[in-house]
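Basis for what follows: all heavy atoms, side chains included, without hydrogens, waters or symmetry-related copies. Each chain gets a letter, A, B and so on, in the order its sequence line appears, and its residues count up from 1.
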Amino acid sequence: MSEPGHSGAAFARGPADADGGLDPAARAGYADHPPRMGFFTDTSVCIGCKACEVACKEWNAVPEDGIELTGMSYDNTVGLGASTWRHVAFIEQPVTAVADATEGVRWLMASDVCKHCTESGCLDVCPTGALFRTEFGTVVVQDDVCNGCGYCVGACPFGVIARREEDGQAHKCTLCYDRLGAGMEPACAKACPTESIQFGPLDELRERAALRVADLRAAGQDQARLYLDDPDDGIGGGGAFFLLLDEPEVYGLPPDPVVTTRDLPSIWKHVGLAAAGLVATGIALGFGRRK
Amino acid sequence: MAEAHPVGFQWVMEAKKRGAKVIHVDPRFTRTSALADLHVPIRAGADIAFVGGLINYVLTNEKYFREYVVNYTNAATILTGDFADTEDLDGVFSGLDREYRLYDMETWRYQGDEVRPAVGERSPEKTIPPLTREQLRQVRMAGRGERHGAGGAACHPAADTDETLQDPCCVFQVLKRHYARYTPQLVAEVAGIPEATFNQVCELITENSGRDRTTAFVYSVGWTHHTIGAQNIRSASILQALLGNIGRPGGGIMALRGHASIQGSTDIPTLFDLLPGYLPMPHMYGNEDLSAYLASETVQKGFWANFSDYMVSLLKAYWGDAATKDNDFCYGYLPRLSGSHSTFDTVLAQLDGVCTGYLLLGQNPAVGSANARMQRLGLANLDWLVVRDFSLTESATWWQNGPEIETGEMRTEDLKTEVFFLPAAAHTEKDGSFTSTQRLLQWHHAGVEPAGDARSDLWFTYHLGLRIRQKLSRGGEGGSAPRADTATATDETAEMDRPVLDLTWDYPVKGRLEEPDAEAVLAEINGWNARGEPLTSYTQLKDDGSTTCGCWIYCGVYAGGVNQAARRVPGGQQNWIANQWGWAWPANRRVLYNRASADPDGRPWSERKALVWWDAESNRWTGHDVPDFVADRPPDYAPPDGATGVAAITGTDPFIMQGDGKAWLFAPAGMADGPLPTHYEPQESPVANLLYGQQHNPVRQIISHPQSLYEPSGNEPGSDVFPYVATTIRLTEHHTAGGMSRFLPYLAELQPAFFCEVSPELAAERGLEHAGWATIVTARSAIEARVMVTGRIRPLRVAGRVVHQVGLPWHWGLNGLTAGDAANELVHLSLDPNVHIQEDKAFACDIRPGRRPRGPALRDLVREYQQRAGITPQTGTQP
Amino acid sequence: MTEPKGRGAAWTEERGTSHEGPPPPAARPARRRLKAARRREESRVPDFEFTSYYGRPVIKEPAWGVPDVPGYLFLGGLAGASSVLAAGAEMSGYGELARVAKVGALGAISLSAVALVHDLGRPERFANMLRVFKPSSPMSVGSWLLTAYGPLAGAAAVSDMTGILPAAGALATAGAGLLGPGVATYTAALLCDTAVPGWHEGHREMPYLFAGSASCAAAGLGLLTVSPAAAGPARTLATVGAPAELVAKRLLLRRLGEIAEPYETGRPGRLLRAAELLTVGGLAGAVLGRRNRAVSALAGASLLAASALTRFGVFEAGLVTARDPKYTIVPQRRRLDRRGMN
């Protein structure tokens, strides 16, 4: 396609871009575009208030998706999906304070969101072009195009996007594309009282995050780490990245995600060979003669 | 704080970022604890033991801020030798009248002087025999007559002091003795706080207090909803006064509130015993006319000396031109107290058939008030009930689907109450103000017009008033016809209608809905002078009828005709005090008693903590905040002999509202239950008081009723039937009694079910399954909840054994997208005697697996428990 | 109550993951035998601790419905391979077989289209599949393939049955025969180009498995409907396809390593074992029964059923690997640990 937004699949990942591979909008064909915008979610200051969940639903008119107690600590939202675009995870962990050996508890809280991957599996596999890359470098579903084939659902390494039962279409976080266009920040970032969710140009966020994690480590929090901030990781870095206080899988995140499209050349190669084999078989069959 | 004030909590996080340490004291490890540096687990109801332990640590280790204590508190004041402490009388103070459940405060006073509380004697009593009444009246009246002017006792209430703090009768020594047994070991035994944790707190707060650093205490209903609630706050104020943290930046005691305008609901009160600005409601005894009232309530020194200015200006606001000097400014129109008229007394009056009508404006007592069941029984005895809300709350539908319908105790068709439901506008649909934490008024503007028939409370009240006045007025139907049996029966409107008809009731209305102009109300609250000009300060108020002011502490909010509460200068454009956001009462002062942020010479205790200071050049107090002091009074000012009122405040009396200008470590008057906070067990506790033979607060307010019985406590037989400590809690996702959250899908799905929080140990002990069901039982009722087994609640070692606690969110009721039983079904009616607040933060319960019985079997279960515990109407009622 | 650490079952250190290549042969456990497969349900020695979020899946299982999509895998394979068989049979003079294959291809591809459209969340928007052509999307490639192949298969069948335009029909047959392999194998890309570990990690082997399975289906249809004497090419196709499928499956399971568990256990395991039996039986029947119509037909039915069961089995096994977080977490965690990162 000649329109910007639809080309530039990871499939066509060529030499590193000028800024180290963080410019998916350019690769998608936008000649002139604003800086790449994203989220830095610092879970170390999350107070688990879920204002992000509510603000997102209010702004985007996302339907309620289940009034049922899960027993998963204070998480009754369970996970991201077609009708949950911000999900706050709660993890209670027993800890033993080293100083005086008192038994205690640690309660991790983290707001999860679509990662708006640099190399985006959902975008790559979408057959209708409903999913596209915006000029801000984010990934958005066009609601009037999606025909609910569901391919994106299985292609996401984080289990973000899903099909909504009510309308049969795929939905996910748009990074409030409409608000960005008006120069506003996304609803969740606006509502977050402690600035756990920070919004801004991605390179600025990465600088800030590096300082923050260094501060935490210096203060003794040696489990603090950044997640999806590295452009050399399996998705080319996330447009939304995180500061975690434990391993990713503790939060339900994959430890080392790799976008499926990385293997696409190999996939097509073997498909091609197998198909060729069938063709050859067919030709061979053609040379027998009815007795 | 993170649970209930998530937006405000961002400032705690900001402080953390700048190096502040956050200590969270709570029976449970909550979302606040998750972000705190230290969580202190505590047995609910043992806060005085904890804070008393901190006080003892400060005194014993001499960590108090001596110069501050000597100069700014009453530590040096010497008491009469008649005072006996709880240490002397096994848990009570001298002057206790057990039969009438009150203290005579004679023996608590300062040697050589009579001290009055800053706001008058206001303890409403239910049944006072004439004799005791006389005694109290005499105490109240002691402030008048010979005490003024020439002759009689010295008017300047500077009692005898010992600045070395050694005199055995000085407040400091009395304080030391009082808290001497509150050691870390005792704190561990009574409150369940591990000694190492407690010692950490001691070190942190003392290291962080003094000239260069200040420590702040932040609390909410976890401290106030107790029979010793007011004393909890008192204990914090003692500690903070000793540490020199009051009146200083980053210090103080901050009351977070239960909802967005509850501070406002006491400022412009919806409480029975107050008039706007904390003026006492007149009592039928001793306040017969204006001069009697003023005499009994005014004090000699300080700004309360100008009491008459505030009161007369208020009366002018109410009755305008009809209020003149000749008619006592219509003082006679005010209602009089005849005892306690708290919401719980009102329920009793309903059950007795005395109160037959009720208006509930945004209040849901069928879920939100203690002993919810009794609330509904009261509603069922009314002739009429009006509920204004935007959801059909349980207080509106109890007659249709309430728990008593399910048990069969009520049948809808047999109920006589006529229930009116009037839809109410939400805060986004009306103009008005919120007054909450920090005494800050913030204006909000209507974003949209309310839909359909929904109207604001202001609209309702104003138009209701218009219609009633119309009916009462001459020629209007329903007006009081001249009575043939009165001597002065005339064609005139009857005397009894005048209070309503003489009111100033003429706010402008705007728009299609004829919504009263809320700013006009604000302007009236602010007040104006005889020329109609808006006032700027309460110092302009006069008692000659020339000024009008609806609430003296709010005077200045409309200064210059500008709505100061609507100011929103962003923080980034102001200094750190940011006093151009909203308006704080009084006088936009952000930190009360901020004179105490400077030393006796008027210099800040440290540059780092400078707030206000004396500028000798311009002869004024100045600084970052509005000084809370007489503007031009130098630090070395000594009042002449016989000076009274404001003139009697010395240059080193920061606590200008107190009779002696000092912070009261020892409160010689004003607290119904003692001059010093003392550890008492809650009304219901599985633990006996380890400190004293006196188990409970001896003057707590008891409301015992067949529908509201108490459980045995401590060592009383039967207390083991309810062996667990229950405490009500809040969740971020829901709001108070649930009317604003249970009906919203986006909130309902976040916390979709009523649950109880228990420790794994309690779950094992009682066979409770995570995400299963449990039934929680008290002597009042039994409710069911889903079970949340969590390590965030730990069993505590108290009094040598393990005590378990159960956390119960109180947001649920039977209506809405998420429905459940109400925690307040379980709560009893024993109240703090100072402020009549319910004790729902610590009571005793049993918990068992499985759902509760339905129908009549529910009451059978409760009765079975009552029998097993040997409960009678007398249980738990002893003083 | 949160359980932060859980034991993963059946993870031995020796098993490799796809991104690092096959495991070193010396460390491999003994070759599994078919009969040992029944004991697969029990856990092996657990030796890898991992954490998850309340045991919740990390990725989402594909939204594709059963039987629509696995059914389509079978039908699409049947159609594509049938077109190959039809072209070959026609060239070598097996006209009856060729006709059956052409009609079979048309029927299968028509049913396929119904299944695919039905599976869409917004079926009325099926035409949006042709808004773009995206090589990065196997579904896009497939949509275009089907758009080209369908009419060709249709023309071939119709021409053969009615006798109209025989030259065009022959061209259509050839065209369908060239595109058919694509139709039969691209579905492997469809499954493997996802985050589903049980599919993605087998992306090198799956196309051959699908090609073999498709061949068996096409051969089976031929053997079922045509007398053995006239079904020579079908028989030949079976002797190529069946072993290819069986070998591909072995290689696939070896490649998957610890992720192979659902292919050998539970319901998917049962489906695939049955499929294997039916494939072997079908091949044997096809060869041994080349003079017996009944045996030959039975063999054909067997091969058809086997192909269907294979697709359903592979589909379900993949879903299992999507649902249980260990299949996503453990291989990734191992990979990280090996790289010396945390």
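Between chain A and the residues C:Gly318, C:Pro233, C:Pro138, C:Ala244, the largest count of heavy-atom pairs under 4.5 Å involves C:Pro138. Counting heavy-atom pairs under 4.5 Å between each of A:Gly234, A:Cys149, A:Gly150 and chain C puts A:Cys149 at the top. Highest contact tally toward chain C, considering only A:Ala274, A:Gly148, A:Gly282, A:Pro255, is held by A:Pro255 [criterion: heavy-atom pairs under 4.5 Å]. With respect to chain A, the highest number of heavy-atom pairs below 4.5 Å among C:Leu237, C:Leu209, C:Leu130, C:Leu190 belongs to C:Leu190. Ranked by non-hydrogen atom pairs under 4.5 Å with chain C, the options A:Ala170, A:Ala89, A:Gly121 are led by A:Ala89. Heavy-atom pairs under 4.5 Å with chain C peak, among A:Val153, A:Val145, A:Val160, A:Val279, at A:Val145. Top candidate by heavy-atom pairs under 4.5 Å with chain A, chosen from C:Val240, C:Val196, C:Leu97, C:Asp119, is C:Asp119. Considering only heavy-atom pairs separated by less than 4.5 Å from chain A, the leading option among C:Thr236, C:Ile59, C:Leu120 is C:Leu120.
Taking each heavy atom of C:Gly182 and A:Ala275 in turn, the nearest pair found is N-CB, 4.2 Å. Scanning all heavy atoms of the two residues, the minimum distance from A:Cys146 to C:Arg122 falls at O-CG, 4.1 Å. Taking all atoms of both residues into account, the shortest heavy-atom contact from C:Ala195 to A:Pro157 is CB-CA, 3.8 Å. The nearest pair of heavy atoms linking A:Pro127 to C:Ser140 is CB-N, 3.7 Å. Counting all heavy atoms, side chain and backbone alike, A:His270 lies closest to C:His203 at CB-O, 4.2 Å. Nearest heavy-atom pair, A:Pro254 versus C:Thr328, reported as atom, atom and distance to 0.1 Å: CB-CG2, 4.4 Å.
Applying the 6.0 Å contact sphere to CZ of C:Phe126 captures no more than 12 heavy atoms from other residues, nucleotides or ligands. The number of heavy-atom neighbours closer than 6.0 Å to CD of A:Glu166, taken from other residues, nucleotides and ligands shown, is above 12. Around atom CD of A:Glu68, no more than 12 heavy atoms belonging to other residues, nucleotides or ligands sit under 6.0 Å away.
Between A:Val125 and C:Thr194 there is no side-chain heavy-atom pair separated by less than 4.5 Å. A 4.5 Å side-chain heavy-atom check between C:Pro325 and A:Glu249 finds every atom pair outside the cut-off. A 4.5 Å side-chain heavy-atom check between C:Ser136 and A:Leu264 finds at least one atom pair inside the cut-off. A 4.5 Å side-chain heavy-atom check between A:Leu273 and C:Tyr208 finds at least one atom pair inside the cut-off. Residues A:Asn147 and C:Met129 meet the side-chain proximity criterion, which asks for heavy atoms closer than 4.5 Å.
For C:Val141, the part lying under 4.5 angstrom from a heavy atom of chain A is the side chain only. Using a 4.5 Å cut-off between heavy atoms, C:Ala87 makes no contact with chain A at all.
The main-chain N or O of A:Phe90 is found under 3.5 Å from a side-chain atom of C:Tyr53 such that the two form a donor-acceptor pair. Of the possible polar contacts, one joining the C:Arg131 side chain to the A:Thr128 backbone as a donor-acceptor pair under 3.5 Å is found. Distance alone, capped at 3.5 Å, is enough to place a donor-acceptor pair between the C:Lys134 side chain and the A:Cys126 backbone. Side-chain atoms of C:Lys60 never come within 3.5 Å of backbone atoms of A:Arg163 as a donor-acceptor pair (strictly under, hydrogens ignored).
Between C:Leu85 atom CG and A:Leu278 atom CG the span is 11.0 Å, to the nearest 0.5 Å. One distance of note links CZ of C:Arg204 with CG of A:Asp263; it measures 6.5 Å at 0.5 Å rounding. Taking CG of C:Asp193 as the start and CH2 of A:Trp268 as the end, the distance is 7.5 Å to the nearest 0.5 Å.
Under the 3.5 Å distance criterion, with hydrogens and angles disregarded, no donor-acceptor pair is assigned to the side chains of C:Tyr54 and A:Asp75.
Only one option out of C:Gln332, C:Arg339, C:Arg333 pairs with A:Asp256 in a side-chain hydrogen bond (donor to acceptor under 3.5 Å, both in side chains); it is C:Arg339.
Ring pair C:Trp64/A:Tyr151 is tilted by interplanar angle, where 30° to 60° counts as tilted.
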